[in-house]
Engineer: 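Structure in structure tokens, see below.
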Amino acid sequence: MEVLIASPLEAEHVAAIDAADPRIQVMYSPELLPEARFAADHEGRHRDLNDAELRRWRDMLASAEVTFGLDWWAPQAMRENCPRLRWIQGTSAGMGDALRRTGLSVDGLVLTTAAGVHAVPLAEFVLAGALYFVKGLPELRARQADRRWERSTTASLAGRRALVVGLGAIGREVTRVFAAMGVEVWGAGRQGRDYDVPGMRGQVSYDRLAAALPDTDVLVLCVPHTPETEGMIGAAELRLLRPGAIIVNVGRGAAIEEEALIDALRDRHVGGAALDVFATEPLPVESPLWKMDNVLISPHSAATLTEENARITEIFVDNLRRWLDGRPLRNRYHAGRGY
């Protein structure tokens, strides 16, 4: 079975994939792939291939039965350029946005994701984002810049109530971390499902968010981009939050109506927002969010660890063996759900 590594990957991880099973043949030509700008950069800086290099790349696509990552050159045309393709191993947890952005249809293909790889770093970012505002770090930095010694009080995260929206691997890890900090954690998940999440005090379904928001001090969004989650937090929902509430979004930017969030931040009804994702990425330079003192901006990098590729490779190697043995794969993407 011919396996194409279509994303920049370190040599040791390529070797681990190659050693997974003698029944596979790995194709990897890093000189034909985008140049990684940082560790675990799965998009990279695109290269201008000459005619001979492009023919080589197209030949590899035509041979591939399995790919690690989407084709960087023409992702929307993978069905035509990869006639033997049967399975794509994605490099992100939420592949729905990538499919929408590229226009690639995966009907009839198997798609697996990197779900679970990013749960710990994102939970760490959520905790850091909440503490950033609760402990008054923006004010401390401002006083430090002015060389102003002024004693004051801060609040405590312990004893506050958090609402974690989205109870997959990321939401579960956020719940664990917050509960360990003494936070009263409530969760929100899909309608009709009962979630057993250690540390969670109670739960509501997405359609009952309005009932939970008035008691919420910290709103954490861990949802993928689906029709059900798009715009789920708008002006009405923001006004239901406790005054001064904190928002942390590590899911998808489309979950919040950004203009409504900006308005709520301006009048301080929302006390602070730590944002890793945005409606438009990169965040436009003219966005008011850049200059707001109660906003912490992360360029969709909160989940990216230097060791990320090792963790994704572990999932892929396990899935390769499962595929060859006819066993169920981990992290299968379900088009109907959008994740």
Side-chain angles (χ1 to χ4, degrees), residues 90 92-107 109-119 122-123 126 161-175 185-197 200-216 218-241 245 247-261 264 270 273-281 300 302-303 330-339:
S92 66
M95 291 298 295
D97 273 1
L99 298 180
R100 278 187 288 271
R101 185 174 65 250
T102 61
L104 173 64
S105 169
V106 292
D107 290 345
L109 292 178
V110 172
L111 174 62
T112 51
T113 75
V117 167
H118 308 104
L122 285 178
V126 170
R161 178 180 285 192
L163 178 62
V164 178
V165 184
L167 297 174
I170 297 166
R172 293 174 68 88
E173 182 64 15
V174 170
T175 299
V185 186
W186 283 64
R190 297 173 64 207
Q191 191 172 1
R193 285 197 58 182
D194 186 30
Y195 295 85
D196 181 16
V197 182
M200 195 170 70
R201 292 281 297 275
Q203 62 182 269
V204 298
S205 56
Y206 291 159
D207 63 329
R208 295 286 297 162
L209 274 178
L213 291 172
D215 296 320
T216 297
V218 183
L219 176 64
V220 183
L221 298 175
C222 307
V223 293
H225 183 186
T226 70
E228 189 177 22
T229 64
E230 184 166 346
M232 69 189 316
I233 304 297
E237 289 75 20
L238 291 168
R239 294 298 161 180
L240 287 173
L241 289 166
I247 294 176
V248 185
N249 190 4
V250 293
R252 287 294 181 264
I256 300 182
E257 293 179 6
E258 208 160 89
E259 288 303 317
L261 175 61
V270 170
L275 307 172
D276 184 50
V277 289
F278 302 87
T280 300
E281 297 183 1
H300 205 148
R330 293 166 57 187
N331 297 350
R332 284 195 67 151
Y333 174 83
H334 298 277
R337 301 178 192 168
Y339 57 89

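Start at 1 with the first residue, then count along the sequence. Quick caveat: nothing in here was measured; it's all calculated off a predicted structure.
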Engineer: Nearest 0.5 Å, please: how far is CD1 in I233 from CG in L213?
Structural biologist: 5.5 Å
Engineer: Who pairs with R330 by side-chain contact (heavy atoms from CB on, under 4.5 Å), at least two apart in sequence or on another chain?
Structural biologist: I315, D318, N319, R322
Engineer: Could you report the tightest heavy-atom contact between L167 and A188, atom names first, then the distance?
Structural biologist: CG-O, 3.7 Å
Engineer: Do side-chain atoms of T229 reach the backbone of P224 as a donor and acceptor pair under 3.5 angstrom?
Structural biologist: yes
Engineer: Check side-chain contact (heavy atoms from CB on, under 4.5 Å) between R208 and all other residues, then give those that pass, not counting sequence neighbours.
Structural biologist: V204, S205, A211
Engineer: Could you pull out the closest heavy-atom pair between G116 and A169, with the gap in Å?
Structural biologist: CA-CB, 4.1 Å
Engineer: Measuring only between side-chain heavy atoms, which start at C-beta, is R332 closer than 4.5 Å to V110?
Structural biologist: yes
Engineer: Check the pair V165, V220 against side-chain contact (heavy atoms from CB on, under 4.5 Å), reporting the backbone distance first and the verdict last.
Structural biologist: CA-CA 6 Å; V165 184; V220 183; over 6 Å; no
Engineer: Indicate the atoms forming the closest heavy-atom contact of L122 with A302, along with that distance.
Structural biologist: CD2-CB, 3.7 Å
Engineer: Minimum heavy-atom separation for G90 to L111, with atom names?
Structural biologist: N-CD1, 4.3 Å
Engineer: Looking only at atom types and distance, does a side-chain atom of N249 sit under 3.5 Å from a main-chain N or O of L275, one as donor and one as acceptor?
Structural biologist: no
Engineer: Would you say R190 and R337 make side-chain contact, with heavy atoms under 4.5 Å?
Structural biologist: yes
Engineer: Just to verify, what does E228 make a side-chain hydrogen bond (donor to acceptor under 3.5 Å, both in side chains) with, not counting sequence neighbours?
Structural biologist: none
Engineer: Quick one: does I247's side chain get under 4.5 Å of I256's, heavy atoms only?
Structural biologist: yes
Engineer: Among residues at least two apart in sequence or on other chains, which ones pass side-chain hydrogen bond (donor to acceptor under 3.5 Å, both in side chains) with S92?
Structural biologist: none
Engineer: Which pairs of donor and acceptor atoms, one on a side chain in residues 94-106, lie under 3.5 Å apart (sequence neighbours left out)?
Structural biologist:
from: D97; atom 1: OD1; to: R100; atom 2: NH2; distance (Å): 2.7
from: D97; atom 1: OD1; to: H225; atom 2: ND1; distance (Å): 2.9
from: D97; atom 1: OD2; to: R252; atom 2: NE; distance (Å): 3.0
from: R100; atom 1: NH1; to: H225; atom 2: O; distance (Å): 3.4
from: R100; atom 1: NH2; to: H225; atom 2: O; distance (Å): 2.7
from: R100; atom 1: NH2; to: H225; atom 2: ND1; distance (Å): 3.3
from: T102; atom 1: OG1; to: A98; atom 2: O; distance (Å): 2.8
from: T102; atom 1: OG1; to: L99; atom 2: O; distance (Å): 3.4
from: T102; atom 1: OG1; to: L104; atom 2: N; distance (Å): 3.3
from: S105; atom 1: OG; to: D107; atom 2: N; distance (Å): 3.4

Engineer: My understanding is that only residues two or more places apart in sequence, or in another chain, count here; which of them pass side-chain hydrogen bond (donor to acceptor under 3.5 Å, both in side chains) with D276?
Structural biologist: S298
Engineer: Please give me the minimum heavy-atom distance between G171 and C222, naming the atom from each residue.
Structural biologist: CA-SG, 4.0 Å
Engineer: Excluding sequence neighbours, so at least two apart, what forms side-chain contact (heavy atoms from CB on, under 4.5 Å) with A162?
Structural biologist: F178, V183, V218
Engineer: When you measure from the side chain of E258 to the backbone N and O of A279, does any donor-acceptor pair fall under 3.5 Å?
Structural biologist: yes
Engineer: Does V250 reach the side chain of V126, with side-chain heavy atoms less than 4.5 Å apart?
Structural biologist: yes
Engineer: Could you list the residues that satisfy side-chain hydrogen bond (donor to acceptor under 3.5 Å, both in side chains) with R239, not counting sequence neighbours?
Structural biologist: D267
Engineer: Kindly indicate whether the side chain of V248, heavy atoms from C-beta on, has any atom under 4.5 Å from the side chain of L221.
Structural biologist: no
Engineer: How long is the gap from CG on L163 to CG on L241, to the nearest 0.5 Å?
Structural biologist: 8.5 Å
Engineer: Between Q203 (side chain) and Y195 (backbone), is there a donor-acceptor pair under 3.5 Å?
Structural biologist: yes
Engineer: Measure the CG-OH distance between L109 and Y333 for me, rounded to the nearest 0.5 Å.
Structural biologist: 12.0 Å
Engineer: Which value, rounded to the nearest 0.5 Å, describes the distance between N331 atom CG and T112 atom OG1?
Structural biologist: 7.0 Å
Engineer: My understanding is that only residues two or more places apart in sequence, or in another chain, count here; which of them pass side-chain contact (heavy atoms from CB on, under 4.5 Å) with E173?
Structural biologist: A119, V120, A123, R176, V177
Engineer: Checking E237 side chain against G234 main chain: does a donor-acceptor pair fall under 3.5 Å?
Structural biologist: yes
Engineer: Backbone N or O of M232 within a donor-acceptor pair of the Y206 side chain at under 3.5 Å?
Structural biologist: no
